[in-house]
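Count residues from 1 along the sequence.
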Amino acid sequence: MVTSISILVLLLISPVDASVNNWEFSPQEPVCGDTISIKGNASPEEKVDVFVTFEKTVPVSSGKFEYILEDVKIPGGFNNLFKVEAMGVKNLNVRVKFVVWATKSSEASGDTAIVSQSNVPPGTYMIKIDGDAAEGVSEVNLKITAFQRIDADSSGVFSYSYNTKAVPSGDFEIKVGDITKKLTIQSEKDTDSNSDSSSDLNPASSPSSPSSKKTKFSPSSENKSSLLPDNKSSPESIASKNLEKENNSEILTPDKNLEEKKTQVHASGENIQKHKFLGPSLDKFYLLIGMGVGVLILIIYLRKK
């Protein structure tokens, strides 16, 4: 009874996992091959557990699956764990080569098999994961977890580095203490394709490109991009040329238009002058005729009397 009580007291006063206040990782947008650095704060001189998890889908061929990780680095210390969980399988083999091959296997429970190994000696390993897939399965889902326990210093500061050279691109989950964060590791091909696409979308940004000076971009009838020399005319260029001709014809013949306007003004001026010149003479003529008619009427009237 005394022994049992002593063990219970020791369990109650045993140290618990470190209380991690916060942590950050860098770089924020890692590429395969980068080393991810983790820094944070916990209780002074406490043990901090770091879990790095990623998933991989492996195709099945002839009822078997296989996935290889090369240059996997296990850091110093023996407080580590490597675990592989395979879903949609009959069995799972994890083969590790340091100097010679060592294999650890597991039969599936349901359609899931798990192999784990703790206290792995530090070094660089080649890991081969294979096995038999379940009936009717075309892809096997692998979940790989690496665990490392690190120490916080007297100020509670801790740091951890994880090299991504041996892992594929994709989504990762990092759990430090009770705080879990996700990050995406891009492949070098993705970053190269992004840079190429951005340069294609902005051809003017590359002044050294000779094609940007000698050719012009024009859509073809198949709705595809093509480069056409300047000496070929498109319908748009023909229409623009016709419009330029019309504008030029109007611009190059202002003198003719001006002469026509002057002629019209001159003709109208002559008509006005003729009207002004003939107007008084016609009035006098009509006045004389009226006076003659009046005299004639007066003579006839006097004769009658």
Side-chain angles (χ1 to χ4, degrees), residues 23-40 47-59 61 64-87 89 91-106 113-131 140-153 157-177 180-192:
W23 65 272
E24 298 293 338
F25 65 87
S26 63
Q28 293 296 317
E29 297 180 356
V31 180
C32 284
D34 290 345
T35 298
I36 299 175
S37 298
I38 296 173
K39 293 183 179 180
K47 306 287 185 183
V48 179
D49 293 341
V50 180
F51 293 87
V52 179
T53 303
F54 70 95
E55 297 184 8
K56 179 69 177 179
T57 300
V58 180
S61 177
K64 295 183 178 296
F65 66 94
E66 181 180 290
Y67 182 62
I68 297 176
L69 292 168
E70 296 182 352
D71 299 329
V72 178
K73 293 184 178 181
I74 303 298
F78 289 88
N79 293 322
N80 53 58
L81 172 70
F82 184 81
K83 183 175 73 172
V84 178
E85 182 178 357
M87 289 157 281
V89 301
N91 52 62
L92 173 64
N93 304 310
V94 178
R95 312 177 194 274
V96 179
K97 181 181 179 181
F98 183 55
V99 179
V100 295
W101 283 101
T103 302
K104 194 170 184 178
S105 303
S106 174
I114 299 175
V115 170
S116 62
Q117 179 63 49
S118 59
N119 301 323
V120 181
T124 301
Y125 294 83
M126 178 178 180
I127 300 175
K128 180 180 178 182
I129 303 170
D130 62 74
V140 171
N141 296 321
L142 299 179
K143 185 177 182 180
I144 302 171
T145 302
F147 163 79
Q148 184 75 28
R149 177 167 288 172
I150 57 178
D151 298 327
D153 60 16
V157 177
F158 63 88
S159 62
Y160 174 75
S161 297
Y162 188 80
N163 191 288
T164 62
K165 181 180 179 180
V167 300
S169 59
D171 297 330
F172 282 71
E173 183 180 275
I174 301 178
K175 181 180 179 182
V176 182
T180 302
K181 296 184 180 182
K182 293 183 178 182
L183 62 89
T184 300
I185 298 179
Q186 297 182 350
S187 65
E188 294 181 356
K189 293 181 180 179
D190 294 337
T191 55
D192 293 340

### Message
Keeping Thr164 on the side-chain end and Thr35 on the backbone end, is there a donor-acceptor pair under 3.5 Å?
### Response
no

#### Entry: Whether Asn141 side chain and Met87 backbone form a donor-acceptor pair below 3.5 Å
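Checking the backbone N and O of Met87 against the side chain of Asn141, no donor-acceptor pair under 3.5 Å is found.
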
### Task
I would like to know whether Phe65 and Leu142 meet side-chain contact (heavy atoms from CB on, under 4.5 Å); could you show each step before the answer?
CA-CA 10 Å; Phe65 66 94; Leu142 299 179; 4.3 Å; yes

Closest heavy-atom pair and its distance - [X], [Y]:
| X | Y | answer |
| --- | --- | --- |
| Met126 | Ile68 | CE-CG2, 3.7 Å |
| Val31 | Ile185 | C-CG2, 3.8 Å |
| Asp151 | Phe158 | O-CB, 4.1 Å |
| Ala113 | Ser106 | CB-O, 4.0 Å |
| Cys32 | Pro168 | SG-C, 4.0 Å |

### Task
Please check if atom NZ in Lys73 has more than 12 non-hydrogen atoms from other residues, nucleotides or ligands closer than 6.0 Å.
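No - once you tally the heavy atoms of other residues, nucleotides and ligands closer than 6.0 Å, there are 12 at most.
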
### Task
Evaluate whether atom CD of Glu66 has more than 12 neighbouring non-hydrogen atoms of other residues, nucleotides or ligands under 6.0 angstrom away.
yes

#### Entry: side-chain contact (heavy atoms from CB on, under 4.5 Å) assessment of Lys39 paired with Ser159
CA-CA 4 Å; Lys39 293 183 179 180; Ser159 62; 4.0 Å; yes

From [atom1] ([X]) to [atom2] ([Y]), nearest 0.5 Å:
| X | Y | atom1 | atom2 | value |
| --- | --- | --- | --- | --- |
| Phe51 | Glu173 | CZ | CD | 11.0 Å |
| Lys56 | Ile129 | NZ | CD1 | 11.0 Å |
| Ser118 | Lys83 | OG | NZ | 12.0 Å |
| Phe25 | Ile38 | CZ | CD1 | 8.5 Å |
| Ser161 | Ile36 | OG | CD1 | 10.0 Å |
| Leu81 | Asn119 | CG | CG | 9.0 Å |

### Task
Please name all residues satisfying side chain to side chain donor-acceptor pair (under 3.5 Å) with Glu70, sequence neighbours left out, ordered by chain then number.
none

### Query
Who are the side chain to side chain donor-acceptor pair (under 3.5 Å) partners of Thr145, not counting sequence neighbours?
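Thr145: side chain to side chain donor-acceptor pair (under 3.5 Å) contacts with Thr53.
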
Scan the side chains in residues 91-98 for donor-acceptor partners under 3.5 Å anywhere in the protein, sequence neighbours excluded, and list what turns up.
unit_1 : atom_1 : unit_2 : atom_2 : d
Asn91  : OD1    : Asp132 : N      : 3.1
Asn91  : ND2    : Asp132 : OD2    : 3.1
Asn93  : OD1    : Ser105 : OG     : 2.6
Asn93  : ND2    : Asp130 : OD1    : 3.0
Arg95  : NE     : Asp130 : OD2    : 2.8
Arg95  : NH1    : Thr103 : OG1    : 3.4
Arg95  : NH2    : Asp130 : OD1    : 3.2

### Query
Step by step, would you call Ile144 with Phe82 a side-chain contact (heavy atoms from CB on, under 4.5 Å)?
CA-CA 8 Å; Ile144 302 171; Phe82 184 81; 3.8 Å; yes

